[in-house]
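Accompanying notes for the structure given below.
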Amino acid sequence: MDMKETEPDTNTAMPKAFDPKAIEAGWYARWESDGLFVADAHSKKPKYAICLPPPNVTGELHMGHALNHTMQDIIARYRRMAGYEVLYLPGTDHAAIATQNVIEKQLAVEGTTKEQMGRPAFAARVDQWYRDVGATMVSQDRILGVSLDWSRLRFTMDPKYMRSVMTAFVAFYERGWIYRAPRIVNWCPHDLSAISDLEVDWQVHQDTLYYIKYPVQEGGEIIVATVRPETMLVDTGVAVNPTDERYRSLIGKTAILPLVGRKLPIVGDEAVDKNFGTGALKVTPGHDAMDYEIGQRHSLEIINGMHPDARMNVPGLPYDRLPALEARERVVADLKAQGFLVKQEPYTHEVGHCDRCHTVIEPLISDQWWLRMETMRDKALAASAAGKVRWHPERYERTYLDWLRGLRDWNIGRQLWLGHRVPVYYCENGHTTVSVEPPRECAECGSIKLTQDPDVLDTWFSSALWPFATLGWPEETDDLKAFYPTSMNSTAREIINLWVSRMIMTGLEFMGEVPFSDVAIHCVVQANDGRRMSKSLGTGVDPRDLIDRYGTDAVRAWAASVAMSSQDVRFDESRVEGYRRFCNKLWNATRLVLSSPGSPTAVVPGTLEVHEHLEDRWITSRLMYACSAVTAGIEDFEFQDSMAAAYSFAWNELCDWYLEAAKERLRAGDPTAQDVAYFCLDTVLRVLHPFMPFLTEELWSRTPGHLDYLMLAPWPEPDGRFVDLDAEESFGEVMTIVEEVRAQRQAAGAPPRGGSLHLDQPIDRAVATLAARLAWVELVDEMEGGTALASVPARVTFPSGSGDNRASEAKREAERTRLKLDLAKSEGQLANPQFLEKAPPEIVRKLEDRAAELRAAIDRLE
RNA sequence: GGGCGGCUAGCUCAGUUGGAAGAGCGCCAGCUUGACAUGCUGGAGGUCGGGGGUUCGAAACCCUCGCCGCCCACCA
């Protein structure tokens, strides 16, 4: 924007328009350098703690971060103002598998691979990345105005944090919950690692279902169906449902595997679905989880038919070392040639992909580290039953509990190049030593020739410890004592099970208490066409672009207004723009009040008597309402309600009505008007500060008597003395009259100001004078003709057009029709005896009042 | 396969115990009104996804169907 447009006004020294860029960085730097974000573990105040969900150090702040960090910062700032000692702790996550993939992609662009670089060079590259990108992500939260305690910045690969991770591993190991065992796992052929069930991304595939004939040794044949014919090469059985009449006689017989010749026992197993395919299942225990279990039940042989890179491992067969898909084609061709392929049909199903590199997952047998979850699961279930964790919205508690109830052992080992190495050491004599610090010698035989297990831990293993590892656990630090359990956690619903559930379990296990009492799940922002926001689809919106164009406060206000409002929301830029206008509106409202002459009489706004003027009584009453509504919205995690209440108060009540009503008094330096205006501004800036920290701090600093920070100002408590329902009712009448006169004026084509209002019957004098003033008409004692109003017994005339031209008459006619229609509806309902009998009396009375008003209005118009 | 959420004005969304349908944007008309044209004023626009039911009364509660989206799940 051209700065010339915003030249200072001589009266106020405030530019005409709010320019976010001019103030944001300055305020953040001042808050930070004055230590306003730093928590004091020794404070006597009640504590409120939030550990920022550590963003993966894989890139940049996205929309999810913007929503989540805004939400948390709203709460952190609110709690500080409300008298709490707030710890809002930042950090980042090394995100082993995700980071490895990001860096591998960069290497590919550079024409190299991590294998070519070797481990040490790759590790150095990763360290450099963590330093650079970690710094970038920190700066992004500063731009967002997030009041994080940077003195306590944590990283999951920090030496202290690693010690926490090792301690947890050893503790689990010593409880006997960690074990190593071969099982079917989700194997990613690209990352050459196992991943957990939760890291598998299921995608719909259009595939082919092949029906293959297996001859039976004792005579006849059995036909099986499969989408992965290449796996038949390592089939070790055929299964049918024991209740299936078609196949019952075959159980116990032997099938001959085509192309291979292996003898396959035919077994009966309940797991087989009679209605799928032919009802007969080829059993491949080495490459399918269900087959593995069937195999276990019937002691079938397990053959591993695949190398880690998804090439076939079938020595002696022509398919050996072929990639799975090529092998599939060859197998199908050979089956067809030899007459074993009965038929093939299109088949739609879901196929697991690695959620980080999107490679198709191959289920295969692998020796892995497992963590038993039973005890922790039971403690977590008990904690929920005891109401220790409140979910917002509540329905997500069930999502969490359902998953928890079906929980199985967690595969915590990964075969990646980066991450926390498993603290397990082997000696040359085959002994195992598990210890937090690298041991000097074998615990059993004293051998000093030790090698560490090559596996690293699942990233989520370390994230699971976040709420207490960041506070120093296992040391009994002051922070840990002061701030654990923390108060709230908020995140995206997709990691409820991956992360939130595991924090609850480890928190209960190691700290004996749930890690936080509230969990808030924010919505997902979709692209404006309803698709997922993603960089690769080109549907992403970068929060920094928005901040650039609309300012941080507008983006935060928007984030607050959508984050908890529903499950998903489509991105609508016009809403962000709307909040930018709101910022500007507040800016100019402040400018108006500041331009009133003299200095405010009241040192503390809101301390003068406000009885004299109706508008003063009204706006202060509305202020109390708005103030309570904003507070309730934050307390209830319904930030959209807070924003709506503050917005409509500030714009539709304070600016549209109060400032218009009090403008002349302000210009005249009326102390009460100034007091009320400053009171409203002061309060609304306070309650908006958590949502729009920069603008509110700037405006507050410009209003008289504010040398300190708004950020440190107390949260306003509604004062019952200002609640004035009579004033609200009277002012409501003013608004009705003013709006009707305005409408009549426009219908008459009259100029914006001028004209007369005559009361045919007396009404409240204060209402009449205020209404006349706001409607720009003169209250007169005598009047000939004129246009009758429906809302009050009064007539109005305007300078030119005099209120009786055709447009005006048409409008009056339409109004009469509408009123009559309404009256007919009301009377109809009042004529219904069942309504009179069964509806609550106050509802009946309300309707009667309304009918009476309608009749009066119709009379006036006729 | 199970579960959850959504379907309200042209668009994006509010509507908390059932008691006269709302906002922002867009649209139309009028305003260089001494805070703001990032503004002000007036206005048009909705049988609240379809169909049943409960009730004096349903956008809201129940049933059912239809789309859209998400989560969970070892049916080849």
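The basis for the numbers below is simple: all heavy atoms, side chains too, and nothing from hydrogens, waters or symmetry mates. Each chain gets a letter, A, B and so on, in the order its sequence line appears, and its residues count up from 1.
Across the protein-nucleic acid pair, A:Y647 atom OH and B:rG24 atom C1' stand 6 Å apart, rounded to whole Å. A:R408 has its CZ atom 9 Å from the C1' atom of B:rA73, to the nearest Å. A straight line from CG of A:N497 to C1' of B:rA73 spans 12 Å, rounded to a whole angstrom. Look at CG on A:N584: it is 8 Å from P on B:rU38, rounded to the nearest Å. Distance A:Q746 CD to B:rU41 C1': 5 Å, rounded to the nearest Å. To the nearest angstrom, P of B:rC70 lies 13 Å from CZ of A:R531. For A:W202 and B:rA76, the CH2 to P distance is 8 Å, given to the nearest whole Å. Rounded to whole Å, atom P of B:rA73 lies 16 Å from atom CD of A:Q203.
At a cut-off of 3.5 angstrom, the base of B:rA73 holds at least one donor-acceptor pair with the side chain of A:E350. Within 3.5 Å, no donor on the side chain of A:K16 pairs with an acceptor on the base of B:rC36, nor the reverse. Scanning atom types as modelled, one donor and one acceptor separated by under 3.5 angstrom connect the side chain of A:E660 and the base of B:rA35.
Nucleotide B:rA60 forms a pair with no other nucleotide shown, judged by Watson-Crick or G-U wobble geometry with both contacts under 3.5 Å. Across the strands present, B:rC48 finds no partner; the criterion is a Watson-Crick or G-U wobble pair with both atom distances under 3.5 angstrom. The partner of B:rC67 is B:rG6, judged by Watson-Crick or G-U wobble contacts that both fall below 3.5 Å. In this structure, B:rG42 and B:rC28 make a Watson-Crick or G-U wobble pair, each of the two defining distances being under 3.5 angstrom. Nucleotide B:rC13 has B:rG22 as its partner under the Watson-Crick or G-U criteria, with both atom distances under 3.5 Å.
Separation of the C1' atoms belonging to B:rA60 and B:rG53 is 15 Å when rounded to the nearest angstrom. Separating the P atom of B:rG34 from that of B:rC40 is a span of 15 Å, rounded to the nearest Å.
Note: A:T226 OG1 to A:Y211 OH = 11.0 Å, rounded to the nearest 0.5 Å.
Ion pairing between a basic and an acidic side chain is recognised when a charged N comes within 4.0 Å of a carboxylate O; A:D288 and A:K282 show no such pairing. The residues A:E815 and A:R818 are annotated as salt-bridged, a charged nitrogen and a carboxylate oxygen being separated by less than 4.0 angstrom.
Side-chain atoms of A:D291 and A:H287, non-hydrogen and from C-beta on, never get closer than 4.5 Å to each other. Residues A:W391 and A:I496 form a side-chain contact, since some pair of their non-hydrogen atoms from C-beta on lies under 4.5 Å apart.
Distances shorter than 4.0 Å separate none of the side-chain N or O atoms of A:Y347 from OP1 or OP2 on B:rC75. Put simply, A:R581 has a side-chain N or O that comes within less than 4.0 Å of OP1 or OP2 on B:rC25. A sub-4.0 Å separation between OP1 or OP2 of B:rG2 and a side-chain N or O of A:W403 is absent. In this structure, A:K663 reaches the B:rA35 phosphate: one of its side-chain N or O atoms is under 4.0 Å from OP1 or OP2. Residue A:R493 places none of its side-chain N or O atoms closer than 4.0 Å to OP1 or OP2 of B:rC71. Listed pair A:K585 / B:rA37 fails the phosphate criterion, with no side-chain N or O lying under 4.0 Å from OP1 or OP2. Proximity of A:S566 to the phosphate of B:rG5: no side-chain N or O atom is located under 4.0 Å from OP1 or OP2. The phosphate of B:rC4 (OP1 or OP2) has a side-chain N or O of A:R398 nearer than 4.0 angstrom. Contact check, A:S565 against B:rA14: a side-chain N or O comes under 4.0 Å of OP1 or OP2. Contact annotation: A:R742 side-chain N/O to B:rG42 OP1/OP2 distance is under 4.0 Å.
For A:R591, the side-chain atoms get nearest to B:rC36 when compared with the rest of B:rC36, B:rU38, B:rA76.
Between A:W558 and A:F582, the gap from one ring centroid to the other reaches at least 6.0 Å.
Between A:Y347 and A:H349, the ring-plane angle classifies as tilted under the 30° and 60° cut-offs.
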